[in-house]
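Below you'll find the structure, written out as structure tokens, and then a few comments.
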Amino acid sequence: MSRRIVQWLDNRLNLSPIRVALLDEPIPGGASWIYIFGSITLFFFLLQMVTGMFLSIYYSPSTEHAYVSIQYIMDEVEFGSFIRGLHHWGASGMMVAIGLHMLQVFLYGAYKKPRELLWVVGVVLLILTLAFGFSGYLLPWDQRAYWATQVGINMVGTLPVIGDVLIRVIRGGQNLGAMTLTRFFALHTLFLPWLLMTLVVLHLFILRRVGPAGPWDEAQAARISEPFWPKQVAMDAVAIGVAFALIASLALLVPAPLSDPANPSDTSFTPVPEWYFLFYYQLLKYLEGPLEIVGTVVLPILFILGLFALPWLDRGQGRRPASRPMVMGAGAGFLLVVVTFLGLSSYEVASIPRSDPSVLRGTALYQELDCAGCHRIHGEGEAFAPDLSYVGDTRSRDWLIQHFRDPQTLVPDSDMPAYGLNDQELNDLTNYMVTLKR
Ligand code: HEC
């Protein structure tokens, strides 16, 4: 039956040549698990497209509504938190997949003649993916988004001559605000997807014209050759299944983060970029003052130019890693720097206090004044006075401040001492109390 349908369609659409072009591509040296990363990357891109389309049903790219629309997706929309989780972790998955894909191509010298163009398009795809990450990070319009983007955009400002103009173009005005949000949204959901899609097609087109490189050992490559279908397709499918299972579990177990709403006047917030920018963020910390421009302009430009030029820099005979010591050394050195800086940076980021500094001061005050000598919070402290575990649910800020000033004005027979706190202490302690909610 299905055969007859295929036959029927084939008679009308003449599909056989397309099937040959798509699936019968010979792989020198045969199918291998080492070739799966390109397909995984493509899968992640498709996953981002689909989840992104669903998110855009509820997301509103305005400074008033962006944050609450994300909150709504997380709390109210059926499967909303899962879909946003897939999109959030999928972005990270795509970065990892691209990294591994490039590592494989790098190790195998697969960018060498005649595959230079394939590599060049690949580098552009990498840059576009990073742009996806950067533009997407702003969209939830929370504190993380706002301050990390602020830092990123300010880096552009260190570019000589065109820096100021460029900054204004990216922001859409003098400040990071409504104009920035809409243009990042347009970039993220219209410009970049179309560009990326076109280049993916070009990437695959070139791949099919020159064919995959295969193993670096010429003799081994010549010995056997297997078509893409069915073995490599099966391996790719298994790998994609595993990758999806990983991302789906993450999406279920670890909800995508959402900090407080963006607050341009709260400069106490420590900006932290997404992890795949962290190593670079760490590097920038060491390059201060006159050296800043080395980190923000010189190194990134050299790096990108170096990537583009790689096939022409590495022109020796053969693709064996052993016969390319310079290139392998440079690659290993780069990886070492990335891993070290990522490690250092994660360590520093982990030690940033997550909450509001005022709340932290209030918590410290609670301990200093030994409030636990009478009160209990989640089982800690004496039960002489009311349990404060959920006092934020029952008492208002004004009530609490007045109560701390002079308990007897509100509860005439109160045994609670008046501590004679100053205004800031009153405020800090109250800020801590109102966080005690169910
Ligand atoms: C000597 C014991 C004692 C100490 C120490 C004490 N309290 Fe109390 N607190 C009480 C008593 C008794 C009440 C109930 C009467 C009242 O509301 O004033 C109370 C009430 C409160 C309430 C109102 C609870 C409610 O919902 O009615 C808050 C909030 C509170 N205390 C916070 C604090 C904090 C913060 C500290 C430390 C700075 C502290 N207390 C130290 C005895 C104490």
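Each ligand, and each atom within it, is numbered from 1 in the order the structure gives.
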Can you sort out which atoms of ligand 1 are near [X], meaning under 4.0 Å from one of its heavy atoms?
X    : answer
M433 : 35 (C)
L400 : 29 (C)
W399 : 23 (C)
F384 : 2 (C)

Do the rings of [X] and [Y] sit parallel, tilted or perpendicular, given the 30° and 60° boundaries?
X    : Y    : answer
F334 : F303 : parallel
Y108 : W216 : tilted
F106 : Y111 : tilted
F341 : Y286 : tilted
F43  : F244 : perpendicular

Tell me whether the centres of the aromatic rings in F185 and Y59 are closer together than 6.0 Å. yes

When you measure from [atom] to every protein heavy atom, which one gives the shortest distance, and what is it?
atom                    : result
atom 26 (O) of ligand 1 : R395 NE, 3.0 Å
atom 33 (C) of ligand 1 : M416 CE, 3.2 Å
atom 11 (C) of ligand 1 : A385 CB, 3.5 Å
atom 28 (C) of ligand 1 : L388 CD2, 3.7 Å
atom 34 (C) of ligand 1 : C371 SG, 3.5 Å
atom 2 (C) of ligand 1  : C374 SG, 1.9 Å
atom 22 (C) of ligand 1 : H403 CE1, 3.5 Å
atom 15 (C) of ligand 1 : S414 OG, 3.6 Å

Give a yes or no on whether a salt bridge exists between E348 and K285, defined as a side-chain N under 4.0 angstrom from a carboxylate O.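 Here E348 pairs with K285 in a salt bridge, since their nearest N and O are under 4.0 Å apart.
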
Examine ligand 1 and decide if any of its atoms is less than 4.0 Å from a heavy atom belonging to P386. yes

Below 4.0 Å from any atom of ligand 1, is there a heavy atom belonging to F404? yes

So with a 6.0 Å cut-off around CE of M416, is the heavy-atom count from everything else above 12? yes

Under 3.5 Å, is there a donor-acceptor pair between the side chain of [X] and the main chain of [Y]?
X    : Y    : answer
Q408 : S414 : yes
R376 : G381 : yes
Q143 : N263 : yes

Please determine if D415 has a nitrogen or oxygen closer than 3.5 Å to a nitrogen or oxygen of ligand 1. no

Quick one: does Y419 get an N or O within less than 3.5 Å of an N or O on ligand 1?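 No: no nitrogen or oxygen of Y419 is under 3.5 Å from one in ligand 1.
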
Between the candidates E382, E368, H375, E425, which shows the shortest non-hydrogen contact distance to atom 31 (N) of ligand 1?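 That would be H375.
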
